[in-house]
Amino acid sequence: MHSFDKDPDHIAVDKVLTYARERLLMDPIPLDGPQSEDYLLSAAGQTITAAGLGSTRAMELFEHTLAPACLSTDHPRYLSFIPCAPTREAAAFDVVVGASSIYGGSWMEGAGAVYAENQALRWISDLAGLPEEAGGVFVPGGTVGNLSALVTARHTARAKALAEGTGARPFRIAATDNAHSSVTSMAAVMDAEVCGVVVDDMLRMTGPELRRTLEEHGPETFFAVVATSGTTNFGVVDDLDGVAEVCEEFGIWLHVDGAYGGAGLAAPSVRHLYEGIERADSFIVDPHKWLFAPFDCCALIYRDPSLARAAHTQEAGYLDVITKTSEWNPTDYSIGLTRRARGLPLWYSLAVHGTDAYVEAIEDTLAVTRHAAAEIEQRPYLEAVREPDLSVIVFRRLGWSPDDYQAWTDRLLDQEFAFVVPTTFRGETLTRFAVVNPHTTKEDVTAILDTMA
Ligand SMILES: Cc1ncc(COP(=O)(O)O)c(C=O)c1O
């Protein structure tokens, strides 16, 4: 199978690269959409066989049956969840990463890749105003980023309690109800308990409410506070400065989840919302969300990376040659050992375009969101639930039931016109635009809102 004799003309490779090239340069992109398993079974049948289908048939199946059954998250009118709209350079470079057999876990094996990834991390870290020593690693997503940071936080808190002989064994995390579901989910993985902090009328975590939660349960039982810089449902940025103040007072680790909204740090028009982020102990942002990188990529950054190294380094005789050096081994800063150099697509695109182009692209998406807010304001049948801070806007269609929202979503998807799903907030069904794709135009959002009349 690995012998070149089997396909001396490299037809299988060419087919793949030709398809990738066409998809990367495709304009316009089809929205496509899901199909039932019955349909796929009848259209694609059994694709894994003892003898193999050969490259022509396998590629045909992918191109004409499987790929059209997957939504294009980079379609300009895909505004659900958090879209993924990589630059062409970033998406194309992902092909290079896959083709190059780079091991991204250690300096010894992947120095060039690690060097480049670290420069991309540096840019993000500088946007947040973290100190020069800050650093981290690209992990698969926000969930793994949050888990890795929280494991470091707990390890640090318990080591401190042990050193001070307090006998404390912190097991709690403070977060609001608006924190991402991955926080509760990862707390369960860690057998930790999440204590809710009440939000203010702007839906933010604030210092006084955080203090109340900590004092109610005993500050010594907490190992981390998770603040969010851009909640998923609404794009709310917590009062990071107020929260940091309380964390510092009680000596509790502050983790800031900016998986979606962290990219806004680059945008001058909203930068003031993040005041205090420079006081965080750890911070994440997903470049596959609003920094135009392909799935799957989360930048995880620590104020003091040596604490993460102490928590995550895997010890084994066969790894001594790596772990007993002072070199920067990305694998030491998160859960997991083997790693793809998944920060390289972001690095390549940043290197090609420069950071100013990123600032401009993020500001463009904010301008489109503000246009959507103004359009909603003007229409008597629509009402915004909250003014957008970032690039997410949640609104209601007056008079619609949950079934009406779903029927509207289904109709737009059937027509391959747009993908906008309902959301819920405090028991009410609503809908929501998440604008992170610079190809989404003001005309796109206006056209979608017209369909709700
Ligand atoms: C604020 C926030 N945190 C964490 C996550 C989880 O990230 P991922 O889906 O990359 O695991 C998300 C995903 O949307 C998010 O918006």
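Position 1 is the first residue of the sequence, and the numbers go up from there. Whatever order the structure lists them in is the order used to number ligands and atoms, beginning at 1. Everything numeric here is computed off the predicted structure, so don't read it as measured data.
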**Request:** Check the angle between the aromatic planes of F62 and Y19 and answer parallel, tilted or perpendicular using the 30° and 60° thresholds.
**Result:** perpendicular

**Message:** Do R172 and F223 form a cation-pi contact, if we require the NZ or CZ to be under 6.0 Å from the six-membered ring centre and within 45 degrees of the ring's axis?
**Reply:** no

**Min side-chain heavy-atom separation E363-L366 under 4.5 Å** = yes

**Message:** I'd like to know if the side chain of T152 pairs up with that of H312 as donor and acceptor (distance under 3.5 Å, no hydrogens or angles considered).
**Reply:** yes

**Request:** For this output row, return yes or no: ring centroids of F234 and F425 closer than 6.0 angstrom.
**Result:** yes

**Message:** Can you classify the ring geometry of W123 versus Y358 as parallel (below 30°), tilted (30 to 60°) or perpendicular (above 60°)?
**Reply:** perpendicular

**Item:** Per-ligand residue contacts, ligand 1, heavy-atom threshold under 4.0 Å
**Value:** G141, G142, T143, N146, H180, S182, G230, T232, D257, A259, Y260, D286, H288, K289

